[in-house]
Amino acid sequence: MTKLRINMRYLSGSLLLAALVSGCASQSSPQRVAGGEVGSTNPAPAAPAAASGERYAMTGDAYPVAPPDVSTVPDAEPRVEQPSRAGNRSTYEVWGETYHVMPDSRGYTRQGTASWYGEKFHGYATSNGEIYDMYKMSAAHRSLPLPTFARVTSVNNGRSVIVRVNDRGPFHSDREIDLSYAAAARLGILDNGTGAVRVEAIDPEQWIAERGGSRAAPATAMPVAASREAASAPSVAASPSPAPASAASNQAGDVIFLQIAALGSAEGAQQLQQRLAEELPHGVRVKSEADVHRVQVGPVSPGQEGQARAELRRAGFPQVFVVR
């Protein structure tokens, strides 16, 4: 993907004016835009380009450029996790509508319409603060707690995937769930933009027990960046306070990598690697898997993390994903 859209050099604090909109890549369906919802005939005015940044200058979502083959991307693997510290307020409001977050997802089953979101939000923060990767099996939902593992089955062709819900949306009354590009491709709904599906929440403890596994210690879904929904609805997800570093994290050998991009083009990833290698004092590597090429800066020691993040902000990458 030679067009490195993930570079957010022009993203400013004024992005807080941009509203949440969830849509799909269908030309005839409402799209995610800054400032409101736009249909095929009466678009709402978008925020000024200088205020909204490159992502919100796009009037609608889009297919990725030169996407990798996602047919072999594995399902999300259900596991026991703590609720995310962001994106789980019991109630929140978007465009004057109040939504309620369920305290528990067990037993949730619904049939409705699925849409998908891709290029416009790839590499940006989800509602629980994680980085959206459209080449992974994830989804957005208005009311399921974050994170939730769910099986999504196409009513039309019977195909089924397991996704991890880590985002809010879609904010359209006729939509049940918003899928990642990879999940939508696996279900065969990319071309139509939407499709009829059945959504069934998975109880991770039951899932593990049925497969003879043991219950692992709950993992904590750690937010890594400000939520995109917090821009227009601060009550949805407050920015979490940083957790205190453990004794182990202070050891010199406990290094991390800071991921800044996940691209479908090996050439684009290499170009970004070369550019950053000239600008940063830290190493830059490309990790390739299933035709997805992740650009990561490091290794970075705990004592260097703050400086590395500041350098990446100056290079145009204010949001990063920590890889250990």
Side-chain angles (χ1 to χ4, degrees), residues 1-8 20-27 29 31-33 53-56 58 60-76 87 114-141 146-147 149-150 152 159 161-170 175 177-195 197 224-225 227-229 259-266 268-269 272 286-296 317 319-321 323:
M1 184 184 300
T2 56
K3 180 182 178 183
L4 302 179
R5 173 210 38 72
I6 296 180
N7 187 333
M8 299 178 290
L20 280 175
V21 188
S22 177
C24 68
S26 170
Q27 291 296 324
S29 301
Q31 308 294 329
R32 297 175 187 236
V33 296
E54 292 177 351
R55 171 171 60 144
Y56 286 94
M58 297 173 65
D61 208 340
Y63 285 88
V65 178
D69 178 11
V70 294
S71 62
T72 59
V73 174
D75 286 344
S115 50
W116 64 274
Y117 61 122
E119 179 82 4
K120 186 174 179 179
F121 292 91
H122 182 61
Y124 289 82
T126 63
S127 295
N128 74 344
E130 297 172 348
I131 299 299
Y132 174 56
D133 186 341
M134 64 179 169
Y135 302 128
K136 290 187 176 181
M137 305 301 284
S138 65
H141 197 275
L146 306 182
F149 292 91
V152 183
R159 298 179 191 174
V161 297
I162 296 176
V163 298
R164 181 173 176 271
V165 179
N166 66 347
D167 207 357
R168 290 285 171 231
R175 309 283 177 85
I177 195 168
D178 227 357
L179 301 171
S180 66
Y181 172 87
R186 289 268 305 276
L187 292 179
I189 67 172
L190 284 180
D191 291 340
N192 289 335
T194 60
V197 298
V224 296
S227 159
R228 67 177 169 85
E229 71 173 296
Q259 181 171 307
I260 61 170
L263 307 177
S265 165
L272 179 57
V286 176
K287 297 282 287 185
S288 299
E289 181 182 0
D291 293 329
V292 178
H293 310 279
R294 295 178 170 86
V295 183
Q296 301 170 348
F317 297 90
Q319 298 178 354
V320 298
F321 181 75
V323 178

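As the structure is a prediction and not an experimental result, all values here were calculated from the model. Starting from 1, each residue takes its place in the sequence as its number.
Residue I260 holds its CD1 atom at 13.5 Å from CZ of R294, rounded to the nearest 0.5 Å. To the nearest 0.5 Å, the span separating OG1 on T194 from CG on D178 amounts to 11.0 Å. Here CD of Q259 is found 7.0 Å from CG of D133. Values are rounded to the nearest 0.5 Å. Rounding to the nearest 0.5 Å places NE2 of H122 at 11.0 Å from OG of S180. Distance NZ/K136 to CD/E130: 9.0 Å, rounded to 0.5 Å. To the nearest 0.5 Å, atoms CD1 (I189) and CH2 (W116) are separated by 9.0 Å.
When all heavy atoms are compared, the tightest approach of V286 to A269 is CG2-O, 3.8 Å. Residues A76 and R164 come closest through the heavy atom pair CB-N, 3.8 Å. For the residue pair V163 and A183, the shortest heavy atom distance occurs at CG1-CB, 3.9 Å.
Residues V152 and L179 meet the side-chain proximity criterion, which asks for heavy atoms closer than 4.5 Å. No side-chain heavy atom of Y181 sits under 4.5 Å from any side-chain heavy atom of E119.
Of the possible donor and acceptor atoms, none in the side chain of R168 sits under 3.5 Å from a partner among the backbone N and O of A140.
The ring-ring contact (aromatic ring centres under 6.0 Å, His included) check on Y132 picks up Y117, with sequence neighbours excluded. By the side chain to side chain contact (heavy atoms under 4.5 Å, CB included) test, D75 pairs with M137, V161, I162, R186, sequence neighbours left out.
Screening N166, L146, V165 against S127 for a side chain to side chain contact (heavy atoms under 4.5 Å, CB included) leaves a single residue, L146.
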